[in-house]
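We name chains A, B, ... by the order of the sequence lines, and we start the count at 1 in each one.
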Protein chains: 2
Amino acid sequence: MPHAFLLHLTPQTKAAPQRYLSKYAHGFFYHVLAQIDAELSARVHALKRNPFTLWAKAHKDGSVYLRVTTLDDALFQPLIRTVLAESLVGMSLGQDSYQVARVLATPEGHRDAGFTGWDDLLAVGPTGQLDLTFLTPTVFTTSKPDGAKAHYTPLPIPRLMMQSLLSSFQHYSPAPYSEPELLELERDFVQQLIVTRHEVRTQPVVAGKVAFTGFVGRSQMRYQGRSQLVAQALARLGCYAFYAGLGAKTSFGMGQVRVRL
Amino acid sequence: MPHAFLLHLTPQTKAAPQRYLSKYAHGFFYHVLAQIDAELSARVHALKRNPFTLWAKAHKDGSVYLRVTTLDDALFQPLIRTVLAESLVGMSLGQDSYQVARVLATPEGHRDAGFTGWDDLLAVGPTGQLDLTFLTPTVFTTSKPDGAKAHYTPLPIPRLMMQSLLSSFQHYSPAPYSEPELLELERDFVQQLIVTRHEVRTQPVVAGKVAFTGFVGRSQMRYQGRSQLVAQALARLGCYAFYAGLGAKTSFGMGQVRVRL
């Protein structure tokens, strides 16, 4: 089942501002993976699609909130266990050493934490509307017809949002959509989803060491069609978005969202 | 040549707030046209594409600024002449009677007024970037594959913006693009224009008597290709946008923009 949890990391010494925080968080995460199992770390690193998202946010007091979501069912338990064990000796983000002061794994602990069983996620009722709040810069990669250079689109275009979620869902869900279902979904994502309201603006971000321009803000979309399959997919993918994030570089803090059905 | 001018209308009596101001402005405009020539008014009314845009903005003091742009070369002179002549007897917007206090027809008089000769517009140098400020709610009509219901897209998608401008330009320019040029333009509008920065939000609006949701704000796009034809079209259509407006219902105040190349 998809999980989202936050690690509150406090510096063991006076920490320097972290210019490449998202890159260091990435390194931290793979370090933890390597503690679980060196082979696991190498395997996850080699995957084309990350089974996790990472968002590191520095606070004024020098502490860091690291939001981790896991999409692969096998990842959460060993991750938490290892983080807690490692925490005692301290872990590094860039050049500074941190301790895990708290782990927040439920919505009661933090609004951006929680978990949803696949059964619950798959059983969610249909919806005609999705309301997304983009907490961190979000951008969609759209390959060009000639396949040469990637296009980055920093706009809440419903088709791009849903295609991004669907592609991840198909990879991790125990009950992915069938080919005929996919055809129906993709057709309606293009033809029947409209933006009803939004308030967005671009924001530059460094993901890893690369500069991107994503958008933050809020966007609401409505489904104008009549297919129950699509209306349910909207709800499922909406729930899933909280864990999977949207668009590019979700393992470097981009595309993190809150969702209201 | 395309013109943009503002009529500052002051009420002759204490005016009531105008709920359907854009509709009344529309009526006012056709009334003026009918004074020039009843046949002209009927002919313009019957056109599928309006050779003008209209934007009426009420001020707190009860006066109204009416921005009029004309795309058809034959429209400007008789329009101004008739407005000034009619002004002496007063003209109605809805139930109230107004006088034309001022006509602002140059950028010195008002930043949203001005004119550009077709020769100058066609001779403008190429640009790699367009910066548009959407003063009034803007929405693009995108017909669906089945042709049934219209889609309205309230987002600054470069392809939709340029296609809207190009289609109007082709209609009014004395030197429209040829078929092979159009193919090149349309290909690059889809593949080579990217949004580099934006800050936009939706805003509801009543255009005529129909409610729409458009977006206002600012959006910057960049051309990534190498075609001189496209880079020049970007500049021409950018200049033209100031007069033509973008998207749907420009004769009811929507899609009014300021442009920076």
Worksheet item: Any chance CZ of A/R260 has more than 12 other-residue heavy atoms, nucleotides or ligands included, within less than 6.0 Å?
Response: no

Worksheet item: For A/I194, does its backbone N or O pair with a side-chain atom of B/H151 as donor and acceptor, under 3.5 Å?
Response: no

Item to complete: Heavy-atom distances under 4.5 Å only: say whether A/P156 touches chain B with side chain, backbone, both or neither.
Response: both

Discussion item. For chain B, which candidate among A/V195, A/I157, A/L155 shows the most heavy-atom pairs at distances under 4.5 Å?
Written reply: A/L155

Worksheet item: Quick check: are there more than 12 heavy atoms from other residues, nucleotides or ligands sitting under 6.0 Å from CZ of A/R187?
Response: yes

Worksheet item: Are the side chain of A/H198 and the backbone of B/P154 linked by a donor-acceptor contact shorter than 3.5 Å?
Response: yes

Discussion item. If you count heavy atoms of other groups shown closer than 6.0 angstrom to CZ of B/R49, is the number above 12?
Written reply: yes

Worksheet item: Atom CD in A/E199, atom CD in B/E199: separation rounded to 0.5 Å?
Response: 8.0 Å

Worksheet entry | For A/T213 against B/T196, the heavy-atom pair lying closest together | CG2-O, 3.6 Å

